[in-house]
Amino acid sequence: MSQRVATTSAAPSTGKRTLTLAQSQSRFAWILLIPTIGVVLMVGLFPLAQTFYFSLTDARLASSREVNFVGLQNYLYLLQDQQFFRTVGNTVFFTVVTVGFEFALGLLIALVINSNFRGRGLMRTSILIPWAIPTVVSAQMWKWMYHDIYGVINDLLVNQFGIFNQNVAFLATNTTVSLFAIAAVDIWKTTPFVALLLLAGLQVIPGDVYEAADVDGANKIQQFFAITLPLLMPAILVTLIFRTLDSLRVFDVFYVMLGNRRDTQTMAIYAQQSLVNFSDLGYGSTISIAIFLIIALFVVIYVTFLKIEDA
Amino acid sequence: MTQKDTSVATYPARTAPQERAKRNNLPRYLSYAGMLAVMLVIGIPLYWMVIASLKTNAEIYTIPPSWIPLEPTLANYPAAWQAAPFGQYYLNSIFITVVGTAIKVFFAVTSAYALVFLRFPGKQYIFLILLAALMIPPEITIVPNYITIARIGWVNTYQGILVAGIATAYGTFLLRQYFSTMPREIIEAAKVDGANHLQILVLIVLPIAQPALVTMALITVVYIWNDFLWPLIVTNSAAMRTLPIGIFWLLDQEGVTNWGVVMAGTVFVIAPIVLIFIWAQKYIVEGIAAGAVKE
């Protein structure tokens with residue numbers, strides 16, 4: 001009898017306790033998250049909503065003319081805008097080339113730096129320097145190094161190594177050559193960043209997993225595919241998303257090196273040009289929203305194929 | 001849970017790669033060769049930039065270019081220092097970077113902890129909001145943010161420069177990904193031992209995540225230190241401006257760029273960052289990370 005009373009009285013009290021535990025955990029989570037969410041809403045999502053509103057109007061920058069609501073007119077125009085599709089092509093091409101090379105090289109560098117060898121501290125430090133130089137400076141610097149007359153790259157290729165027999169105008173002639181030349185600058189600057197992110201991912205992998213694999217007689221390559229790669233996945237995903245987002249939004253390196261050149265224009269430069277040079281707030285906003293949607297498409301692809309929600 | 005346990009647990013992490021490397025030397029030599037190639041590709045442009053700061057302007061524009069300065073000069077350094085109020089810019093950049101990094105790391109750690117280790121309704125939506133915030137092109141945010149900042153009277157203030165950091169979402173996302181690889185057993189064990197969230201975060205999660213934490217802090221430092229467009233827009237006096245703006249002035253002064261002076265200015269800007277790299281890199285690879293699960 002007394003035993004039964006004890007069990008029945010215990011049951012609701014534990015039920016109540018787990019409920020309050022869950023509630024307090026949830027409240028604590030919100031306390032931790034609210035500052036971040038607040039800033040993100042204010043400086044990120046609020047401007048996005050505003051831009052979407054402008055994309056439905058014929059608003060002009062710094063104009064007192066009345067703003068008219070034009071519905072989807074800007075979007076219909078966008079779908080017929082050849083120059084917009086050219087900028088999409090350029091930007092996606094640039095993104096595939098840079099992210100591909102940066103990921104492959106960055107992973108190799110991270111794996112090597114992660115192993116133990118003399119001088120790796122120096123290596124790790126010096127390898128990061130290109131990434132530390134402000135883009136405005138490094139892009140100008142490369143523009144000068146690419147110069148067809150007194151550029152140092154032509155000096156290397158023609159005079160020092162004799163690979164070409166005449167100077168190449170990397171940034172002046174052909175669209176593809178110019179795009180590759182700029183991709184090379186981005187790869188030079190950003191591979192260290194990729195290596196850094198992946199190195200951190202490698203360092204977080206527990207070492208005893210490898211010990212167990214060593215005991216089981218797994219060789220290096222088996223270990224890489226069976227252990228390193230799966231455990232590195234969250235870091236790989238972060239790296240790919242960061243790099244893809246930045247490449248799709250690329251602005252400064254193109255702007256410094258090629259200005260508003262039409263055939264090599266990127267999406268972000270076209271949006272900026274519509275907004276600032278043509279003062280077309282409505283259409284500039286439409287392009288910006290399109291960039292956002294294209295980026296979202298890439299993120300959805302990554303998330304679907306690399307399973308981001310596992311945490 | 002004591003200090004001793006964690007320090008003992010570090011041994012497998014440090015010795016294991018050494019033993020593995022000893023066994024087979026070929027990959028090691030290949031690594032050295034590859035590294036050498038990478039160093040050259042990275043190093044030649046850097047060498048070129050640094051020696052440009054030691055050349056006279058006339059020599060910079062010679063054809064063909066000279067690989068060793070013919071008349072090395074240090075004159076570009078004082079010239080760069082005097083071309084813009086670099087002393088004030090240094091103070092501003094240091095202040096903004098230190099405060100901004102501290103704030104961003106703090107909020108990224110707390111929000112990533114909530115997203116990975118706490119259960120609460122609506123979690124996946126919060127994560128989607130952060131992901132969406134990452135995808136917003138900067139040209140969308142700059143004008144509306146300037147209007148907001150102007151409305152609350154923060155133009156030309158430190159808080160005005162600092163607040164526009166959607167990089168907070170970067171940090172949260174980054175740390176969330178690294179936290180999520182962490183072995184759950186340790187956290188569960190600590191909970192059973194009666195550890196509260198603060199203890200779990202400070203004594204377990206942060207030490208294990210040290211490489212990721214230092215990496216995130218480094219990225220934030222470089223990002224704030226080099227940020228150019230936003231500080232330029234939101235400040236209007238030399239007293240509030242930062243180093244990248246000073247460099248931009250050097251680039252923009254005359255029709256013909258005086259590369260020697262610009263490169264000297266660039267050395268001013270990146271020297272502190274290089275010192276931070278030298279100091280920080282060992283915390284990325286020598287955390288207590290690897291062997292922590294061993295109990």
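Just so it is clear, the model here is predicted, and its values are computed rather than measured. Convention: sequence-line order gives letters A, B, ...; per-chain numbering from 1.
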Check your understanding: Stepwise, does the side-chain contact (heavy atoms from CB on, under 4.5 Å) test hold for A:Met141 with B:Met263?
Key -> CA-CA 9 Å; A:Met141 204 45 228; B:Met263 292 331 296; 3.3 Å; yes
I'd like to know whether B:Leu134 forms a side-chain contact (heavy atoms from CB on, under 4.5 Å) with A:Ile295, so could you lay out the CA-CA distance, the side-chain angles of the two residues, the decisive distance to 0.1 Å, and finally the verdict.
CA-CA 10 Å; B:Leu134 278 181; A:Ile295 290 175; over 6 Å; no
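Counting non-hydrogen atoms of other residues, nucleotides and ligands closer than 6.0 Å to CZ of B:Phe106 gives a total of 12 or fewer.
Interface check for chain B: of the options A:Ile129, A:Leu248, A:Asn154, the most heavy-atom pairs under 4.5 Å are formed by A:Ile129. With chain A as partner, the option from B:Gly43, B:Gly122, B:Pro121, B:Pro244 having the largest number of non-hydrogen pairs under 4.5 angstrom is B:Pro121. Between chain B and the residues A:Leu128, A:Leu41, A:Leu48, the largest count of heavy-atom pairs under 4.5 Å involves A:Leu128. Highest contact tally toward chain B, considering only A:Arg27, A:Met145, A:Gln272, is held by A:Met145 [criterion: heavy-atom pairs under 4.5 Å]. The most heavy-atom pairs under 4.5 Å with chain A, out of B:Ile149, B:Leu243, B:Ile126, B:Val262, come from B:Ile126. Ranked by heavy-atom pairs under 4.5 Å with chain A, the list B:Gly265, B:Pro45, B:Ala280, B:Pro144 is led by B:Pro45.
Relative ring orientation between B:Phe173 and A:Phe242 is described as tilted, the plane-to-plane angle lying within the 30° to 60° band. Between B:Phe120 and A:Trp30, the ring planes are perpendicular. Angles over 60° get that label, and only those under 30° would be called parallel.
Contact of the B:Ile284 side chain with the A:Leu196 side chain is registered, since non-hydrogen atoms from C-beta on lie closer than 4.5 Å. Looking only at side-chain heavy atoms (C-beta outward), A:Pro130 and B:Leu46 come within less than 4.5 Å of each other. Side-chain contact check for B:His197 versus A:Gln25: some heavy-atom pair is nearer than 4.5 Å. At a threshold of 4.5 Å between non-hydrogen side-chain atoms, the residues A:Leu245 and B:Pro137 do not count as touching. The closest side-chain heavy-atom distance from B:Leu174 to A:Leu197 is below 4.5 Å. Using a 4.5 Å cut-off on side-chain heavy atoms (C-beta onward), B:Tyr178 and A:Pro234 make no contact.
Proximity to chain B (any heavy atom under 4.5 Å) is shown, for A:Met42, by both the backbone and the side chain. For a residue to count as touching a neighbouring chain, one of its non-hydrogen atoms must lie under 4.5 Å from one of that chain's; by this rule A:Trp142 touches chain B with the side chain only. In this structure, the portions of B:Ile219 lying under 4.5 Å from any heavy atom of chain A include both its backbone and its side chain. At a 4.5 Å heavy-atom cutoff, the contact between B:Ile273 and chain A is made by side-chain atoms alone. Using a 4.5 Å cut-off between heavy atoms, A:Leu231 contacts chain B through its backbone alone, with no side-chain atom that close. The contact between B:Val274 and chain A is made by backbone and side chain atoms together, counting heavy-atom distances below 4.5 Å. Heavy-atom distances place both the backbone and the side chain of B:Ile42 under 4.5 Å from chain A. Residue B:Ala112 does not touch chain A at all, counting heavy-atom pairs closer than 4.5 Å. Heavy-atom distances place the side chain of A:Val299, and not its backbone, under 4.5 Å from chain B. Only the side chain of A:Ile37 has a heavy atom closer than 4.5 Å to any heavy atom of chain B. For A:Ser288, the parts lying near chain B are the backbone and the side chain together; criterion is any non-hydrogen pair under 4.5 Å. With a threshold of 4.5 angstrom between heavy atoms, A:Ala132 approaches chain B through its backbone and through its side chain. Contacts of A:Phe46 with chain B are made by side-chain atoms alone, with heavy-atom separations under 4.5 Å and no backbone atom involved.
Atoms OG1 and CZ, on B:Thr215 and A:Phe193 in that order, are 10.0 Å from each other to the nearest 0.5 Å. The CG atom of A:Asp252 sits 9.0 Å away from atom CG of B:Leu229, with the distance rounded to the nearest 0.5 Å. Taking CD1 of A:Ile133 as the start and CD1 of B:Ile247 as the end, the distance is 10.5 Å to the nearest 0.5 Å. Going from atom OG1 of B:Thr266 over to atom CD of A:Gln140 covers 10.5 Å, rounded to the nearest 0.5 Å. Remark: A:Leu45 CG to B:Ile136 CD1 distance equals 4.5 Å, nearest 0.5 Å.
A donor-acceptor contact shorter than 3.5 Å is absent between the side chain of B:Asn226 and the backbone of A:Thr135. No side-chain donor-acceptor contact under 3.5 Å links B:Gln281 to the backbone of A:Thr125.
In this view, B:Asp227 satisfies the salt bridge (Lys or Arg N to Asp or Glu O under 4.0 Å) rule with no residue, not counting sequence neighbours.
The shortest non-hydrogen separation linking B:Thr141 to A:Pro47 is CA-CB, 3.9 Å. Contact detail for A:Phe292 and B:Ala132: the closest heavy-atom pair is CE1-O, 3.7 Å.
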